[in-house]
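Structure first, then comments.
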Amino acid sequence: SEMCIRASNRYASRVKDILKRYTPIVRTASIDEYFLDFRWCEGLYRQDGDADGAATIERVVREVCRVIRDEVGLPASAGVATSRPVAKMASNVAKPAGVRMVRFGAARAFVEPLACRKWPGIGPGADERVREAGSHTLGQLLAVSDRSREQSLAASVRRVVSAEAE
């Protein structure tokens with residue numbers, strides 16, 4: 001599972017030190033955004049009462065956010081998903097201080113109602129083009145034909161949200 005953590009930039013090094021307590025793979029995306037790789041960590045953190053591996057990771061991520069709040073005094077939001085783009089969007093949905101888990105197989109259902117602009121990498125120009133073509137949500141973008149102008153954007157989104165279905 002990928003996890004996107006967002007915290008205030010003033011305390012970035014303290015936050016990163018906390019994140020490294022939980023997994024050795026912490027990628028800095030920006031001054032206030034980190035991606036953590038929790039693949040194969042379920043067994044490490046599993047406790048009685050965890051329904052499955054995803055529940056284990058969600059519990060740990062909630063703990064990470066709580067530790068950031070308690071030790072640094074900052075709110076942190078987190079998104080957990082099988083891909084970075086979906087984890088980033090889930091983190092944005094969880095703001096200002098929540099956790100949003102997008103379980104395996106649920107990425108498409110999660111992204112479909114969101115505005116196209118919410119997809120990482122779709123900037124104002126691309127967003128304007130897809131809206132002019134009639135796609136206001138990612139679900140509408142995913143439904144475009146292979147012959148439409150926005151097909152390459154749709155294909156990029158489709159690759160990510162359908163990868164977990166394979």
What's the spacing between [X] [atom1] and [Y] [atom2] if we round to 0.5 Å?
X      : Y      : atom1 : atom2 : value
Arg46  : Glu42  : CZ    : CD    : 9.0 Å
Thr137 : Arg117 : OG1   : CZ    : 15.5 Å
Glu33  : Ser77  : CD    : OG    : 9.0 Å
Ile57  : Tyr22  : CD1   : OH    : 12.0 Å
Arg14  : Leu74  : CZ    : CG    : 8.0 Å
Trp119 : Leu141 : CH2   : CG    : 9.5 Å

Practice item. Would you check, one step at a time, whether the test salt bridge (Lys or Arg N to Asp or Glu O under 4.0 Å) holds for Arg131 with Asp127? Key: CA-CA 6 Å; Arg131 280 188 292 113; Asp127 185 50; 3.0 Å; yes

ask   = For Met89 and Val93, what are the C-alpha separation, side-chain angles and deciding distance, and is it a side-chain contact (heavy atoms from CB on, under 4.5 Å)?
value = CA-CA 6 Å; Met89 289 187 298; Val93 167; 5.6 Å; no

Using every non-hydrogen atom in the two residues, find where [X] and [Y] come nearest and quote the distance to one decimal.
X      : Y      : answer
Gln140 : His136 : OE1-N, 2.5 Å
Tyr34  : Asp32  : CE1-C, 4.2 Å
Ala90  : Gly79  : CB-CA, 3.6 Å

Review point. Going through the checks in order, is the side-chain contact (heavy atoms from CB on, under 4.5 Å) test met by Leu44 and Thr56?
Key: CA-CA 9 Å; Leu44 208 78; Thr56 298; over 6 Å; no

Go through the structure and list residues passing side-chain contact (heavy atoms from CB on, under 4.5 Å) with [X], not counting sequence neighbours.
X      : answer
Lys20  : Lys16, Val26
Ala97  : Pro75
Ala126 : Ile122, Arg129, Leu153
Ala115 : Lys118

For the residue pair [X] and [Y], establish whether any side-chain heavy-atom pair is separated by less than 4.5 Å.
X      : Y      : result
Ile25  : Leu36  : no
Arg66  : Val61  : no
Leu19  : Ile68  : yes
Leu138 : Glu112 : no

| said: Would Arg27 pass as a cation-pi partner of Phe35, given that its NZ or CZ must be under 6.0 Å from the six-membered ring centre and within 45 degrees of the axis? | reply: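 Arg27 over Phe35 ring: no.
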
inquiry  = Quick test of your reading of the model: are Asp52 and Arg103 salt-bridged, counting only N-O distances below 4.0 Å?
reply    =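 Counted as a salt bridge, because a side-chain N and a carboxylate O are separated by less than 4.0 Å.
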
Using modelled atom types and a 3.5 Å cut-off, is there a donor and acceptor pairing between side-chain atoms of [X] and backbone atoms of [Y]?
X      : Y     : result
Thr23  : Asp37 : yes
Tyr45  : Gly53 : no
Arg100 : Ala94 : no
Glu58  : Ala54 : no

Residues passing the side-chain hydrogen bond (donor to acceptor under 3.5 Å, both in side chains) test with Glu128, sequence neighbours excluded, are none

Sequence neighbours excluded, the answer for salt bridge (Lys or Arg N to Asp or Glu O under 4.0 Å) partners of Glu71 is Arg21

